[in-house]
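Only one structure is covered here, and it is reproduced in the block below.
Side chains are part of it too, since the values below use all heavy atoms of this structure and drop only hydrogens, waters and symmetry mates. Throughout, a chain's letter reflects where its sequence line sits, starting with A, and its residues are numbered from 1.
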Amino acid sequence: MDEKLPEKLLRPYNPKETEERIYKLWEDSGFFNPDVCIEKGIIKADAEHFSMVLPPPNVTGNLHTGHALMLVIEDIMVRYARMQGKKTLWLPGTDHAAIATQSKVEKLLEKEGLKKKDLGREEFLKRVEKFAKESHDTIVNQAKKMGATLDWSREAFTLDEARNVAVKTAFKKMYDDGLIYHGHRIVNWDPKGQTVISDDEIVYEERKAKLYTFKYSVDFPISISTTRPETKVGDTAVAVHPEDARYKKYIGKTYNIEDFCGVKLEIKIIGDESVEKDFGTGALGVTPAHSQIDSEIAGRHKLESKQVINEFAKMTVGDERILNKKTTEVRETIVNWLKENNLLEKEEETTQNVGTAERTGAIIEPLPKLQWFIDVNKKIPSRKNKSLKELMFEPVKEGKIKIIPEHFEKVYFNWIENLRDWCISRQIWYGHRIPVWYHEPICIPKTGKEDQTDKCKKTVVSIEKPICEYCDAKYEQDEDTLDTWFSSGLWTFSTLGWPKQTKDLKTFHPTSMLETGHDLIFFWIARMILMSQYLLNEIPFENIYFHGMVRTADGKKMSKSLGDKAIDPLIIIAKYGNDALRMAMIVGNTPGKDLKLDENDVRGYKNFANKLWNISRYVLGVERSGELKKELLDEWNSLGKDITADMENLRFYLAAEKIYHYVWHRFADEIIEKSKDTPEYGATLYHILENSLKLLHPFMPFVTEEIWGMLPVESMENKKLLMVEKWPFESAFGKPYDK
RNA sequence: GCGGGAUUAGCUCAGUUGGUACGAGCGGCGCUUUUACACAGCGAAGGUCGCAGGUUCGACCCCUGCAUCCCGCACCA
């Protein structure tokens with residue numbers, strides 16, 4: 001119709017031809033970096049800030065739909081803040097994800113018939129690093145394809161040099177304050193991964209099991225039940241309820257069992273309130289070395305702990321029948337022995353929840369081991385004598401940190417109440433090495449200090465490799481690495497330069513927002529609050545926004561290890577365009593609720609992008625003439641304010657739907673139609689189009705930026721990239737996110 | 001066992017402080033090849049808002065109980 005129009009506008013909107021070019025335009029502008037925005041006069045140097053870290057994806061492979069959702073929501077927040085003229089920083093990075101990455105590489109090695117021990121620590125780590133680097137590059141590329149306006153100049157990695165300094169500094173401070181201790185305790189041992197894991201890394205699976213009821217010997221007065229007969233060779237007591245009439249008379253007595261399948265046992269009968277009279281036989285065989293609960297009972301009664309299972313889930317006691325054999329095999333052996341000796345009284349089917357390791361799937365074997373722990377209950381003098389637990393609890397309770405949706409606060413509090421000391425050491429190679437150094441056993445005194453070697457420090461926690469003052473003996477570093485969440489816990493400030501007191505740290509911390517999946521509430525959120533409260537004496541972020549899990553259209557979980565069954569966001573983008581995927585992920589997606597991603601929805605929003613394209617073609621074809629129609633302007637302003645309020649309150653699902661609905665069904669279907677037979681509408685149409693593009697931009701950045709670029713320059717003063725145009729409405733509230 | 005969430009159109013979901021359900025996407029029905037756009041327009045259909053009580057002038061929305069599904073956490077030996 002009009003030869004003035006750009007040629008591409010005459011064809012349907014083609015996201016493929018557009019998106020890469022537009023992203024490059026944004027990236028080249030430098031506006032992802034708030035410093036550049038200030039330099040170029042886009043934002044004021046003293047503007048309010050909006051800062052957020054990207055939850056660093058694990059360097060274990062590709063980005064999946066879960067990541068895509070995260071990038072979309074966060075990009076919307078960031079684009080909105082930037083358009084409001086805030087000093088906006090969205091800081092990218094990746095996570096070394098210690099166990100996850102190491103076990104992935106181990107699996108790859110297995111295909112070559114290799115084990116990590118064949119390579120040795122150094123060579124193996126080189127392999128892991130190579131793999132991590134490749135994953136990292138894939139992830140960064142994908143994030144760019146998603147249109148994420150991350151400040152790549154500030155990119156960080158949880159295991160890079162700067163973050164290593166932060167980790168060591170944090171460890172040392174905690175150690176010096178007595179919050180980190182080396183302790184011999186029952187830990188969760190992963191026999192497959194050959195490492196300890198924390199309570200949160202256990203996944204409980206319901207399985208069928210057999211409950212055996214038996215006596216240790218014919219003379220033993222009390223029957224007990226167990227699902228794990230093989231551990232019974234480690235029993236040192238039988239616990240009954242102190243008020244149980246049946247057993248009261250035995251309490252305090254000790255029985256010697258000369259032969260329990262080749263093992264000698266000494267069993268004391270004890271009374272403990274924790275035993276339930278009505279469960280099973282009302283008596284509990286106590287295995288202090290291989291059960292968390294039993295260990296606690298043993299502690300109360302000062303019982304001996306006898307380890308009978310080793311790190312490979314093999315028996316360490318008994319004769320050839322059980323010694324060195326696997327626990328599963330020995331279970332059968334013991335049961336048969338009980339049968340042969342007429343000691344087995346009952347055998348019944350039950351279901352039980354078996355603890356398995358999140359990453360390797362192995363059944364957890366509780367074992368006593370010497371490990372490093374963080375004490376969550378110790379009072380900290382420099383923090384008004386509060387414990388880490390209290391430091392985690394308070395900011396949420398007092399509303400300094402807001403959680404959206406709110407009901408996750410309860411989940412958070414509940415977790416803290418049940419929290420035990422955090423085991424932070426791992427017997428794996430990939431990760432931050434524990435900064436603890438041990439003095440060689442034999443001293444080689446320095447000249448003149450021959451009589452002072454008793455002053456040599458045997459254990460030193462240090463950022464640098466220590467040198468002994470009195471002798472020439474070397475220090476060897478602890479072999480273990482740290483739980484990956486230790487370094488993740490520092491993320492909001494380690495990325496801003498801490499422990500250095502940088503300008504970034506002053507400007508952007510506490511961060512404004514932390515957006516992530518609710519599955520990370522304990523692993524990550526709680527640990528960040530702990531670390532920030534303790535190390536910086538401030539909260540890590542003011543708001544938490546939890547998104548739901550992404551599921552397939554039939555409700556299957558997509559984010560974790562579904563492999564090729566999961567929808568690849570990049571394929572969807574190639575088919576329908578980035579803007580369409582973004583809209584499908586946002587409209588109707590309330591915080592915290594799972595999102596069923598349906599390709600049909602995406603197709604619908606692709607049509608909308610095209611609709612917007614055609615609206616623009618029409619408007620650009622008319623004269624910008626006449627006065628602004630007051631009624632339409634009022635209507636528009638009222639909608640704009642409403643949408644702005646939604647943005648401020650993080651109701652993106654509503655804001656997106658409202659602007660969508662207005663543009664299509666009000667502006668296109670009614671206003672434009674009416675304008676066709678009414679003169680002097682041009683100026684109004686331009687006004688609505690330009691402002692609609694602004695309001696749509698956080699949601700559909702590509703198509704809006706592309707159209708923006710085609711709008712006639714003379715119609716606007718100082719036309720910039722739409723990405724940094726001013727949002728046309730003032731904040732609806734004084735402070736963001738207040739209710 | 002403790003805690004949380006869900007239950008609204010055929011399907012997937014919105015519905016912000018209680019005021020006749022504004023609804024969206026997809027699907028289905030009828031009409032329209034003319035219009036910036038058939039990746040479209042117009043029109044109509046479709047809901048006793050899980051069930052039972054209660055509060056209220058008025059409830060999808062608040063309270064109580066129940067049912068079904070989902071998700072955390074804990075766990076019995």
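- Pairing of B:G3, defined by two Watson-Crick or G-U wobble distances under 3.5 Å, is identified with B:C71.
- Base engagement by A:Lys658 is indicated by at least one non-hydrogen atom pair under 4.0 Å involving a base atom.
- Between the side chain of A:Lys593 and the base of B:A14, no donor-acceptor pair of N or O atoms lies under 3.5 Å.
- For the pair A:Lys410 NZ and B:C73 C1', the interatomic distance rounds to 14 Å; values are reported in whole Å.
- Among the protein residues, A:Gly588 comes within range of the sugar-phosphate backbone only, with heavy atoms under 4.0 Å from sugar or phosphate atoms but none that close to a base.
- If you check distances only, the side chain of A:Lys611 does reach the base of B:C37 with a donor-acceptor pair under 3.5 Å.
- Of all nucleotides listed (B:U16, B:A77, B:G15), B:G15 comes nearest to the side chain of A:Tyr653.
- In this structure, A:Thr227 reaches the sugar-phosphate backbone alone: every heavy-atom distance under 4.0 Å involves primed, P, OP1 or OP2 atoms, never a base.
- As rounded to whole Å, 9 Å separates atom C1' of B:A40 from atom CG of A:Asp669.
- The gap from the P atom of B:G4 to that of B:A21 amounts to 30 Å, rounded to the nearest Å.
- When rounded to the nearest whole Å, the span between CD1 of A:Ile643 and P of B:C22 equals 18 Å.
- Looking at heavy-atom distances under 4.0 Å, A:Asp646 makes contact with a base.
- Nucleic acid contact for A:His665: sugar-phosphate only, since backbone atoms but no base atoms lie under 4.0 Å from a heavy atom of the residue.
- The side chain of A:Tyr660 lies closest to B:G25 when the candidates are B:C75, B:G25, B:A36.
- In this structure, A:Phe413 places its CZ atom 13 Å from P of B:G4, rounding to the nearest Å.
- No N or O donor and acceptor, one from the side chain of A:Asn414 and one from the base of B:C73, sit under 3.5 Å apart.
- Residue-level contact check: A:Thr350 touches neither bases nor backbone, having no heavy atom under 4.0 Å from any strand.
- When the C1' atom is used for both B:G43 and B:U7, the distance is 33 Å, rounded to whole Å.
- Looking at heavy-atom distances under 4.0 Å, A:His661 makes contact with sugar-phosphate atoms alone, never a base.
- Taking atom CG of A:Asp272 as the reference point, atom C1' of B:A77 lies 12 Å away to the nearest angstrom.
- Note on A:Ala668: a base of the nucleic acid sits closer than 4.0 angstrom, heavy atoms only.
- With hydrogens and angles ignored, a donor-acceptor pair under 3.5 angstrom links the side chain of A:Glu673 to the base of B:A36.
- The residue A:Ile672 sits close to a base: some heavy atom pair falls under 4.0 Å.
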